[in-house]
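Report on one structure; see the data block that follows.
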Protein chains: 2
Amino acid sequence: MTVGIRDVARAAGVSTATVSRALGRGPVSDALREQVEAAVRATGYRPNLSARRLRSQAAQTIGLIVADIRNPFFTAVSRAVEDAAFAKGMRVILCNTDEDPAREAMYLRLMEEERVTGVIFAPTGAAADSLRAEPPAFPVVLIDRAGPPGAHDSVVLDNPAAGAGLVDHLVGQGFSRIGGLFGSTSSTARERRAGYEAAMARHGLEPSSRTVAPNAATAEAAAARWLAESDRPEALVLSNGLILMGALRAARTLGLRVPGDVALAGFDNEPWTDLVEPGLTVVEQPVDEIGAQAMRLLFERIAQPDQPVRKVVLSGRTVLRGSTRRG
Amino acid sequence: MTVGIRDVARAAGVSTATVSRALGRGPVSDALREQVEAAVRATGYRPNLSARRLRSQAAQTIGLIVADIRNPFFTAVSRAVEDAAFAKGMRVILCNTDEDPAREAMYLRLMEEERVTGVIFAPTGAAADSLRAEPPAFPVVLIDRAGPPGAHDSVVLDNPAAGAGLVDHLVGQGFSRIGGLFGSTSSTARERRAGYEAAMARHGLEPSSRTVAPNAATAEAAAARWLAESDRPEALVLSNGLILMGALRAARTLGLRVPGDVALAGFDNEPWTDLVEPGLTVVEQPVDEIGAQAMRLLFERIAQPDQPVRKVVLSGRTVLRGSTRRG
DNA sequence: AGGTTATATGAAAACGTTTTCAGTCATCGC
DNA sequence: GCGATGACTGAAAACGTTTTCATATAACCT
């Protein structure tokens, strides 16, 4: 029914081995190569990638495991990863974990069954630990969240510095009662919080931080509760784009002016953050470079499996806008 | 090196056939099934999906081909598709075409080589035509853009009605010089434009529409040019979320008030559209249902390959906000 | 010329499963 | 008590490639 390499070989009057070599890179005379190519066109042959992968033991596939593709940060990184992968002739399997350790474990098992070439992974804290305890059969590059050091290559933002930078900026603007609302599941949020708290201490200020599930809905609820308290903070540091959006929405709902009643500073320079009044101060992450560097680390790890673990730390760029302007 | 089904069979003291049956659904006695499961645990066996796919001739994979995952509409649809696919034990291969016919053709060929179970595809006009001319080996469900009727199952928005609805609303608000800025590559944009023009004609108004490459940057440039003209329109209909964003940005840059100087109405109820002053009037697409319906059509097509072609038309929901309020 | 090396090709093995096919054993109906 | 039926199980074939291995031919070197 379906045309296979034997049919092409018969049509070209050669062996299947020659067809295989002509299609890949193998020593084949120009004459035969042309015969084969003509036969391929004539028969409409399409190689069967499953068979190819099975025999050659090279899946040419990388797994990309993120929390939720709808988070614009992951959307952008995914696009960069996919471009790099397809450019190298590789497929990408994208998986959404919703920050659920059970789903993370399931997808990691799936990646083993696919015999993937490698995996790029933004793990929860739980997954990072178990990944360290029992390293999988394939190379892993962690993105966004590094977890405990030393186990896997990773590319992350300099989160403590970014968190501290936002505090410094706010303090410079004259704010002192600065709260922090951070995601509860990732090491990234923990690091940003650490940077926040260190900077507050450095300025002799009292840190006041809370954690929340990293999605816009619960963040909005938490922020609304906080901002309705009598001693609400003058400014809020928000640990990612979703939480920032939730906080802004809470402020709007409560009728609080930004930055008059409460200043906001967050992460992820999404396209809408400069369209919303008065513009949101954010730390921009180099999303394309995060994806590209992750692919680079992955391929270098594949080429040299025993080289020491590497951690690429990228700096964020603080984009100052109206939401943190004093007065 | 790597543990295969033969190792499991040896450890369990049974044949590979029995292991295969115990792991899948086959007639195996409870005693042997338990032996096999114990052996799987003991050996750490992971089935090789390439081998499984090759032998069983079932890839359990669907292709999802969209213009750009960074377009929030496609992001949301992708997530819905992936959830549905993984729930059915299928993998998803995501491809970004950037509206480039050459890349579309390349990815379609890739899908054939993967022997995918089916494909969900948002094609450009060019691809829709060639798809109709030479139908591929796998079932295809078109989303967002149906192309010429009759060739493939599809699930689309009622674009003419949505485009007309925005015009009706604007006219109801007292606007009459209403321009339209539409994407240049998709049938969707053409349909929305047709709805716009029909509605304008119905109201006895002069339509004035332009087309632009569907991305925020070029849309902003085109809108800025248009809004700088002396006889600029009082209101603008924008054919998708990216173009809407570009238009808003152009208005801001030119110092035009919305809706005072120019009213804006567009598509895609993205989270930021109600955060930006004065809130943007948009047609919300049922993104989750589009993804779910596409998967449903695909599976029903697989089950019954010869059933007549079906087209699911979903209604948009017009969300009225300040950007179209008169006065 | 004669042997050595390089190059191109084909036959067949191999990749790791699922599935066919044939068989074993127990149960059942009469 | 005996053929028929049914439920499990194992041996081996099959899926469609790539890769080894062996061979033939051509090219090269002394």
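The basis for the numbers below is simple: all heavy atoms, side chains too, and nothing from hydrogens, waters or symmetry mates. Residue numbering restarts at 1 for every chain, and letters A, B, ... go by the order of the sequence lines. For clarity, every value in this text was computed on a predicted model and none was experimentally measured.
Between B:Phe86 and A:Tyr107, the ring center distance clears the sub-6.0 Å criterion.
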A correct 5'-to-3' footprint of nucleotides 12-21 of chain D, with B, S and - meaning base, sugar-phosphate only and no protein heavy atom under 4.0 Å, is -BBBBBBBB-

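Judged by distance alone, the side chain of A:Asp100 and the main-chain N or O of A:Thr97 form no donor-acceptor pair under 3.5 Å.
Remark: the B:Glu104 side chain and the B:Thr124 side chain contain an N/O donor-acceptor pair separated by less than 3.5 Å.
Within 4.0 Å of A:Leu49, counting heavy atoms only, lies no atom of the nucleic acid at all.
Looking at B:Leu314 and B:Val155, their side chains come closer than 4.5 Å, going by heavy atoms from C-beta outward.
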Could you check A:Leu242 against A:Asn71 for side chain to side chain contact (heavy atoms under 4.5 Å, CB included), going step by step and ending with a plain yes or no? CA-CA 7 Å; A:Leu242 301 175; A:Asn71 180 332; 3.8 Å; yes

